[in-house]
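We count ligands from 1, going down the list as the structure has it; atoms in each ligand are counted the same way.
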Amino acid sequence: MRIAIGCDHAGFRLKEAIKAYLVSKGFKVLDEGTYSEEAVDYPDLAKKVVRDIKENQADFGILICGTGIGMSISANRVKGIRAALCLFPEMAKLARAHNDANVLVLPGRFLGAELAQWIVDAFLSTKFEGGRHSNRIEKIERMMEN
Ligand code: RB5
């Protein structure tokens, strides 16, 4: 499985920890930066990760900023992207099972590496349930057209 990962300066440390974790588990990781704690604008990094998914260079994305809110707002501007800000493994599981989320968003300022790894595990190991949830996803996609 191919994972594109991106962060701003506030998510840099957690991004490095998650990247190392994913590599150790055998995932192919596409690191879109940022590569230091020097200040950058989170929409620029969201754009890169979202592009990787849209262009089929990655199966899922992970985005990290300070709160996770800026990355969520940015990524969800793009058609076909369903970015979910998750604080607990159960939220990540449901984001995949019910919302077919294709981007996991994490708050770098409010999450330790260990809990973040559990959230990532839950996200990447859960499949979309389809069924009644498919209709809801289609309705979300139609909202993008207006
Ligand atoms: C950067 O200071 C901060 O605004 C950003 O990381 C994020 O929390 C925005 O939503």
Sub-4.0 Å atoms of ligand 1 with respect to non-hydrogen atoms of Arg109: 1 (C), 2 (O)
Provide the full list of side chain to side chain donor-acceptor pair (under 3.5 Å) pairs with a residue in residues 36-50, sequence neighbours left out, each pair given once. Arg13-Glu37
Quick look: Asp8 vs ligand 1, heavy-atom contacts under 4.0 Å, and the answer is side chain
List every atom of ligand 1 that sits less than 4.0 Å from any heavy atom of His9, numbering the atoms from 1 in the order shown and giving each element. 1 (C), 2 (O)
Counting only N and O atoms by type, is there a donor-acceptor contact under 3.5 Å from the side chain of Asn76 to the main-chain atoms of Ala83? yes
Backbone N/O of Asn102 and side chain of Arg82: donor-acceptor pair under 3.5 Å: no
How would you list, by chain and number, every residue that makes a side-chain hydrogen bond (donor to acceptor under 3.5 Å, both in side chains) with Arg2, sequence neighbours excluded? Asn56, Asp59
What is the nearest protein non-hydrogen atom to atom 9 (C) of ligand 1, stated with its residue, atom name and distance? Tyr42 CE2, 3.5 Å
Rounded to the nearest 0.5 Å, what separation is found between the CD1 atom of Ile137 and the CG atom of Asn99? 5.5 Å
Salt bridge or not for Arg51 and Glu32, using N-O below 4.0 Å? yes
Show me which atoms of ligand 1 lie under 4.0 Å from any heavy atom of Ala10. 6 (O)
Atom 10 (O) of ligand 1: closest protein heavy atom, distance to 0.1 Å, is Gly70 N, 2.8 Å
Run the numbers for me: atoms of ligand 1, each under 4.0 Å from some heavy atom of Gly66, listed by number. 5 (C), 6 (O), 7 (C), 8 (O)
For atom 8 (O) of ligand 1, grab the closest protein heavy atom and report residue, atom and distance to one decimal in Å. Thr67 N, 2.9 Å
